[in-house]
Amino acid sequence: MGIPFSPLILKQYSLFSQHLKSNYVEYNFREVEAKWRAHWASNKTFKTEIDSAKPKSYVLDMFPYPSGAGLHVGHPLGYIASDIFARYKRLKGFNVLHPMGYDSFGLPAEQYAIQTGQHPAITTKDNINRYREQMDKIGFSFDWDREVRTSDPSYYKWTQWIFIQLFNSWYNPATNKAEKIETLIAQIEIEGKYQWENLSEKEKSDLLLEHRLAFLSETMVNWCPTLGTVLANDEVKDGVSERGGHPVERKKMLQWSLRITAYAERLLNDLNGIDWTESIKEAQRNWIGKSTGSSLKFKVQGSNLDLEVFTTRPDTIFGVSFLVIAPEHEHIAALTSAHQKSAVDAYVEKAKNRSERERMADVKSVTGVFTGSYVVHPFTGKDIPVWIGDYVLAGYGTGAVMAVAGHDSRDYAFAKTFQLPIMPVVEGGNIEEEAYEAKQGKMINSDFLNGLEVKDAMKKIIAVIEEKSLGKGKTNYRLRDAVFGRQRYWGEPIPVYYKDGIPMVVDASELPLILPEVDKYLPTLNGEPPLARAADWKYHGKYEYEYSTMPGWAGSSWYFLRYMDPHNDKELVSKEAVEYWKNIDLYIGGSEHATGHLLYVRFWTKFLYDRGYIPVNEPAQKLINQGMIQGRSNFVYRIKPLFSCGSDESVVLPLIFVSMPIHDRIQNRNIDDLEKRNLEKVSLDAFIRLNPTAENVNLMRLETTALHVDVNIVENDVLDIEKFKASREEYKNAEFIVEDEKYICGAEVEKMSKSKYNVVSPDSIVEKHGADCLRLYEMFLGPLELSKPWNTNSISGTSNFIRRLWRLYHDADGNFAVSDEAPNKEEFKALHKIIKKVQEDIEGFSFNTSVSSFMIAVNELTALKCNKSAILADLAVLISPYAPFVAEELWEKLGNTTSITFAKFPEFKAEYLVESAFSYPISFNGKTRFFHEFDLSLSKEDVEKEVMAMEQTQKYLEGKAPKKVIVVPGKIVNIVL
RNA sequence: GCCUUGGUGGUGGAAUGGUAGACACGCAGGACUUAAAAUCCUGUAGUAGCAAUACUGUGCGGGUUCAAGUCCCGCCCGAGGUACCA
């Protein structure tokens with residue numbers, strides 16, 4: 001008596017028996033990965049200590065800000081690359097420092113705190129836990145015992161300590177380095193410019209503040225009223241805050257700043273000694289913006305006032321036809337004539353209220369006003385009118401320019417607008433058309449400079465200017481001092497208090513200055529920063545603290561040092577640790593930090609070097625920028641028919657989706673009548689079904705609209721209809737019109753974001769395909785530095801690869817089976833080819849090509865049916881940086897008892913690749929026609945002789961004698977006809 | 001505008017001046033299976049041809065070379081960054 005089968009059960013049964021028939025056990029990545037994840041964690045496999053017997057390598061990722069959204073597949077790209085590099089270096093016998101931490105002070109946690117009242121520390125901790133969980137899944141070889149968090153008091157104690165050192169230092173131009181402030185006092189005393197002893201405390205303080213590297217000064221800042229804080233230039237994009245997009249205005253404020261400008265020249269010069277990408281170096285060079293020229297004084301007509309300008313083109317001095325000063329220029333009042341006063345006042349007022357954004361929006365329009373004053377040309381004695389124009393910036397140079405309309409396009413536009421004279425002084429241009437800006441040609445209309453080349457004229461005029469004390473040769477930098485105070489809560493408190501209005505730093509022994517609790521994370525009613533809310537928060541119970549906190553980049557400007565010695569509470573880093581680890585050998589991160597973080601970290605490193613705390617003056621020898629991973633959105637297309645019907649009552653529209661090709665045809669109007677009528681009928685029927693009471697229903701027009709669909713329910717652009725229906729209540733009864741039984745989605749590359757439903761998390765990939773697969777796939781996508789859209793479509797390629805790799809070590813039944821036999825020549829060749837390739841690729845950061853070569857190697861060894869342990873053990877080691885889990889498992893099965901982390905990278909032996917013969921492409925006029933194998937020991941002449949004797953050659957020669965025959969041994973034969 | 005990049009099949013991408021399109025995805029066909037999935041095999045730049053083969057092909061136009069995706073000159077287009085910086 002059997003159990004009666006229903007067809008469905010029968011189907012399931014046969015499936016089951018099928019499975020039993022073949023008892024092959026596939027690679028179980030879930031089990032294996034979980035096993036090694038736990039093993040590495042409990043054995044602290046990646047814990048690193050100083051080991052002077054080994055060479056060191058410091059491999060670092062830019063640490064993340066732990067945001068609430070978690071990691072998406074774009075984030076780990078750089079981490080995977082650096083992890084491969086770190087694991088490779090270990091195999092090569094290096095002692096590798098490969099840590100990770102969190103840049104955990106920042107705006108989003110604070111914004112969230114303002115909205116919800118939850119302390120930013122809690123939000124931050126939750127986010128960090130989530131990040132850690134996600135990173136752990138991917139199998140990074142970080143030494144987590146060295147984790148740092150910038151918001152941790154034991155960390156920011158040292159950020160504050162560095163601030164104190166900056167405060168207590170000045171930049172000595174004579175020694176060209178930062179020194180203790182005491183050496184400045186000594187110098188002041190020697191020079192006797194001031195009677196130091198006789199100065200009041202306030203005077204001393206003010207005097208020193210002009211030299212301290214951390215100083216308080218009145219600066220123009222980017223003030224964001226909505227956020228209640230000051231923003232750095234690089235936090236402002238298009239006149240609005242980078243985070244949140246709130247309007248930003250210019251405002252004068254007493255602020256803490258860091259004197260980064262003192263380091264401008266060194267920051268520029270030392271770029272030559274580091275191996276960073278040209279684009280980052282160039283961005284930093286532009287940001288520092290060095291320009292050489294001359295300052296020059298113009299006497300104001302009828303006054304003792306001098307107007308000083310900075311120009312890079314002193315050679316064009318005889319072409320000056322007017323001067324322009326910034327609307328904020330300090331001498332505007334003195335320069336304005338009574339007659340022009342109302343016009344000037346109106347203009348200055350308007351310019352002041354024009355936000356950065358507006359000024360930027362109309363770069364093309366030229367505005368300005370005449371002051372009514374004139375200056376005297378220092379060489380011709382002619383009167384030169386002084387104008388005000390907002391294209392001149394108060395913050396750069398002297399806030400005044402000498403306008404040479406013939407040779408500067410902005411001056412030219414200004415002159416054209418206000419009908420001011422334009423005089424050419426360098427041959428070569430046509431001033432009727434445009435300004436001639438090239439620094440090339442002979443000087444004309446220039447008195448004693450006439451006939452000189454621009455370059456020579458430049459030298460001569462600077463000499464004359466200096467001789468006559470009209471000014472002097474000068475170098476200007478675009479780089480501004482870095483504003484260091486933020487009116488925010490979630491940051492490091494600046495360790496300063498005020499005694500009788502004099503800023504004093506907290507004693508280093510009293511650090512850390514703990515961030516106090518506040519009732520609200522908002523500014524106070526009278527506009528003071530949130531820290532002013534802290535109850536009884538006073539230095540020694542008496543003196544008011546500074547209420548600003550440090551900017552986001554403070555903690556990240558030195559974290560690479562802390563990883564070397566993260567638990568030291570006596571020093572920021574011990575001498576021993578920093579002498580051993582020195583600086584970063586490989587730094588990987590996004591190029592968006594080109595002029596922010598990467599400039600500040602160089603600045604702090606140089607400062608700490610100057611003051612003798614560390615032995616290196618650059619943070620990173622080698623820098624790689626990983627590309628952005630963009631999102632790839634999928635779309636479904638809903639039919640949106642327009643109906644007309646008799647009844648007025650609200651109608652229910654049907655939910656019908658058409659596959660992408662159908663949508664395309666509707667959009668492009670190349671849909672045939674039959675299909676169109678069918679679609680119309682389906683829509684109409686559905687409508688009537690849903691609205692049975694509607695009368696006189698008519699279809700007006702057939703249209704489709706695209707809707708984003710979650711990429712996680714789409715595979716290879718085919719929609720999982722069941723999941724889609726389940727995803728939202730209103731989709732439950734959706735209908736689909738498909739072709740070939742597949743609903744094809746549209747796709748488009750966009751930024752990866754929640755609102756576009758195109759976020760792919762690494763967790764989902766790890767869950768579905770495994771961490772090894774994710775690692776390989778991210779590398780396989782393309783060159784590390786290139787931006788590319790994330791597309792999960794071809795992930796099956798790497799997934800298959802791992803399974804094929806696994807099968808190499810297993811027999812047909814899935815039992816581990818390797819042999820101790822000696823490998824043959826082909827097997828050695830396949831192995832050594834991959835040893836060479838992987839080594840070259842990792843050292844050249846070409847990770848995508850090494851994944852391909854692994855595939856080739858596994859394909860070759862599979863074809864050779866190679867199961868020799870001598871080959872397979874080395875293969876496991878080679879692959880282990882890329883796919884550590886499966887490599888570790890195979891390594892153990894091969895009988896090893898220690899982690900593959902401690903294995904040795906196989907040594908490449910060229911002799912295995914030596915070939916005795918080569919199949920030459922025989923080409924005619926560069927076109928390959930056929931192949932022929934020749935022994936490589938054959939001489940060029942012999943090869944030529946043999947080729948010429950061949951029947952095929954004669955065919956292509958068509959009876960003609962060749963003009964020339966080129967034989968490149970081991971490469972090609974080319975016959976020129 | 002300037003700076004930095006990049007432009008190669010249906011797609012992601014390979015190519016020290018020396019066989020363009022490695023590797024992978026997708027697609028097509030086949031094997032196994034009652035069937036499907038998985039797996040394996042074959043083909044896959046375009047045009048013409050049953051085929052051998054021929055021609056055309058690395059954004060465009062020139063050049064250097066026996067030989068150019070690669071080097072040089074001049075353009076076009078995309079991406080990222082940056083800007084009244086005197």
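Only this structure's heavy atoms are used, side chains among them; waters, hydrogens and symmetry mates stay out. Naming convention: chains lettered A, B, ... in sequence-line order (proteins, then strands); numbering from 1 in each chain.
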For nucleotides 39-43 of chain B, tabulate all protein N/O to nucleotide N/O atom pairs closer than 3.5 Å, reporting atom names and distance.
from, atom 1, to, atom 2, distance (Å)
B:U39, OP1, A:Asn800, OD1, 2.9
B:U39, OP1, A:Arg803, NH2, 2.9

| message | From OH of A:Tyr956 over to P of B:A52, roughly how many Å is that when rounded to an integer? | response | 13 Å

| said: A:Lys788: which residues meet the salt bridge (charged side-chain N to carboxylate O under 4.0 Å, His left out) condition with it, sequence neighbours left out? | reply: none

| request: Would you please indicate yes or no on a ring centroid separation below 6.0 angstrom for A:His932 and A:Phe930? | output: no

| query | When we call it a touch if two heavy atoms are under 4.0 Å apart, what does A:Lys963 touch: a base, just sugar-phosphate, or nothing? | reply | nothing

| query | Distance-only, no hydrogens or angles: does the A:Tyr347 side chain make a donor-acceptor pair with backbone N or O of A:Thr367 under 3.5 Å? | reply | yes

| side-chain hydrogen bond (donor to acceptor under 3.5 Å, both in side chains) with A:Trp276: which residues, sequence neighbours excluded? | none

| message | According to ring-ring contact (aromatic ring centres under 6.0 Å, His included), who are the partners of A:Phe908, at least two apart in sequence or on a separate chain? | response | none

| message | Starting the side chain at C-beta, find the nucleotide from B:C23, B:A14, B:U19 nearest to A:Pro783. | response | B:A14

| task | Give A:Pro789 one of three labels, base, sugar-phosphate or nothing, depending on what nucleic acid heavy atoms sit under 4.0 Å from its own. | result | nothing

| query | If the P atom of B:C41 is compared with that of B:C23, how far apart are they to the nearest Å? | reply | 13 Å

| note | Of B:C23, B:A86, B:G26, the nucleotide closest to the side chain of A:Val401 is B:A86

| request: Using whole Å, report how far CD of A:Glu328 lies from C1' of B:C84. | output: 13 Å

| task | Considering just the side-chain nitrogens and oxygens of A:Tyr777, establish if one lies under 4.0 Å of OP1 or OP2 belonging to B:G13. | result | no

| message | Taking any heavy-atom pair under 4.0 Å as a contact, classify A:Asn791: base, sugar-phosphate, or nothing. | response | nothing

| query | Any luck finding a side-chain donor-acceptor pair between A:Arg478 and A:Asn286 under 3.5 Å? | reply | no

Every protein N/O within reach of nucleotides 64-72 of chain B N/O, cut-off under 3.5 Å:
from, atom 1, to, atom 2, distance (Å)
B:C66, O2', A:Asn974, ND2, 3.1
B:C66, O2, A:Asn974, ND2, 2.8

| note | Residues in residues 846-855 of chain A with a heavy atom under 4.0 Å of RNA chain B, by number, are A:Asn848, A:Thr849, A:Ser852, A:Met855

| request: Please name all residues satisfying side-chain hydrogen bond (donor to acceptor under 3.5 Å, both in side chains) with A:Glu944, sequence neighbours left out, ordered by chain then number. | output: none

| Would you call A:Glu915 and A:Lys829 a salt bridge, using N to O less than 4.0 angstrom? | yes

| In chain order, what residues pass the ring-ring contact (aromatic ring centres under 6.0 Å, His included) check against A:Tyr477, with sequence neighbours excluded? | none

| message | Suppose you measure atom P in B:G62 against the same atom in B:G13; what distance do you get, rounded to whole Å? | response | 30 Å

| said: Between P on B:G18 and OH on A:Tyr920, what's the gap in Å once rounded to a whole number? | reply: 15 Å

| Can you check B:G9 for me, syn or anti if syn means within 90° of 0? | syn

| message | Rounding to an integer number of angstrom, what distance separates B:G9 and B:U47 when you compare their C1' atoms? | response | 14 Å

| Checking all strands, does A:Ser787 fall into the base, sugar-phosphate, or nothing category for heavy-atom contacts under 4.0 angstrom? | nothing

| said: Go nucleotide by nucleotide along RNA chain B from the 5' end; which of A:Tyr477 and A:Gly782 gets its closest nucleotide reached first? | reply: A:Gly782

| note | Between A:Ile461 and A:Asp315 the two heavy atoms that sit nearest each other are CG2-N, 3.8 Å

| said: Contact between A:Lys290 and A:Thr475 at the side-chain level, heavy atoms closer than 4.5 Å - yes or no? | reply: yes

| query | Closest to the A:Thr928 side chain: B:A86, B:U19, B:C84? | reply | B:U19

| request: May I ask you to check whether A:Asp481 and A:Thr261 show a side-chain donor-acceptor distance below 3.5 Å? | output: yes

| message | Distance check needed: B:U5 P versus A:Asn286 CG, whole Å only. | response | 13 Å

| query | So what does A:Thr798 touch, heavy atoms closer than 4.0 Å: a base, only the sugar-phosphate, or nothing? | reply | nothing

| Distance, C1' atom - from B:G74 to B:A67, rounded to whole angstrom | 24 Å

| task | May I have the distance from A:Leu776 (atom CG) to B:C25 (atom P), rounded to whole angstrom? | result | 13 Å

| note | Regarding the side chain of A:Arg478, the nearest nucleotide among B:C55, B:A86, B:A83 is B:A83

| remark: Sorted by chain and residue number, the salt bridge (charged side-chain N to carboxylate O under 4.0 Å, His left out) partners of A:Asp772 (sequence neighbours excluded) come out as none

| Using a 3.5 Å cut-off on both pairing distances, which stems of three or more Watson-Crick or G-U pairs include RNA chain B? | B:1-7 with B:76-82, B:10-12 with B:23-25, B:26-31 with B:39-44, B:45-48 with B:53-56, B:59-63 with B:71-75

| field | Minimum heavy-atom distance A:Met779-A:Ile80, with the two atoms named | value | CE-CG2, 3.7 Å

| Which value, in whole Å, describes the distance between the P atoms of nucleotides B:C3 and B:U8? | 24 Å

| request: Quote, to the nearest angstrom, the P distance that separates B:G46 from B:A83. | output: 47 Å

| Does A:Ser291 put a side-chain nitrogen or oxygen below 4.0 Å from OP1 or OP2 of B:A86? | yes

| message | Side-chain N or O of A:Arg480 versus OP1/OP2 of B:C85: is the shortest distance under 4.0 Å? | response | no

| remark: Picking from B:A86, B:A20, B:G13, the nucleotide nearest the side-chain atoms of A:Leu786 would be B:G13

| request: Could you tell me the separation between the CD atom of A:Gln284 and the P atom of B:U82, rounded to a whole number of Å? | output: 13 Å

| Pairwise C1' distance, B:A14 and B:G7 [rounded to whole Å] | 16 Å

| message | Distance check, P atoms only: B:U44 and B:U5, in whole angstrom units. | response | 37 Å

| A:Lys836: partners by salt bridge (charged side-chain N to carboxylate O under 4.0 Å, His left out), with sequence neighbours left out | A:Glu840

| field | Spacing of A:Phe924 atom CZ relative to B:C55 atom P, expressed in whole Å | value | 13 Å

| field | Between P of B:C25 and CD1 of A:Ile795, the distance in whole Å | value | 12 Å

| field | Heavy-atom closest pair, residues A:Gln630 and A:Ser787 | value | OE1-C, 4.0 Å

| message | Check this one for me: any side-chain N or O of A:Arg410 less than 4.0 Å away from OP1 or OP2 of B:C85? | response | yes

| request: When you get a sec, tell me which of B:C84, B:U19, B:C25 is the closest nucleotide to the side chain of A:Pro921? | output: B:U19

| query | Can you name the ring-ring contact (aromatic ring centres under 6.0 Å, His included) partners of A:Phe418, sequence neighbours left out? | reply | A:Trp387, A:Phe414

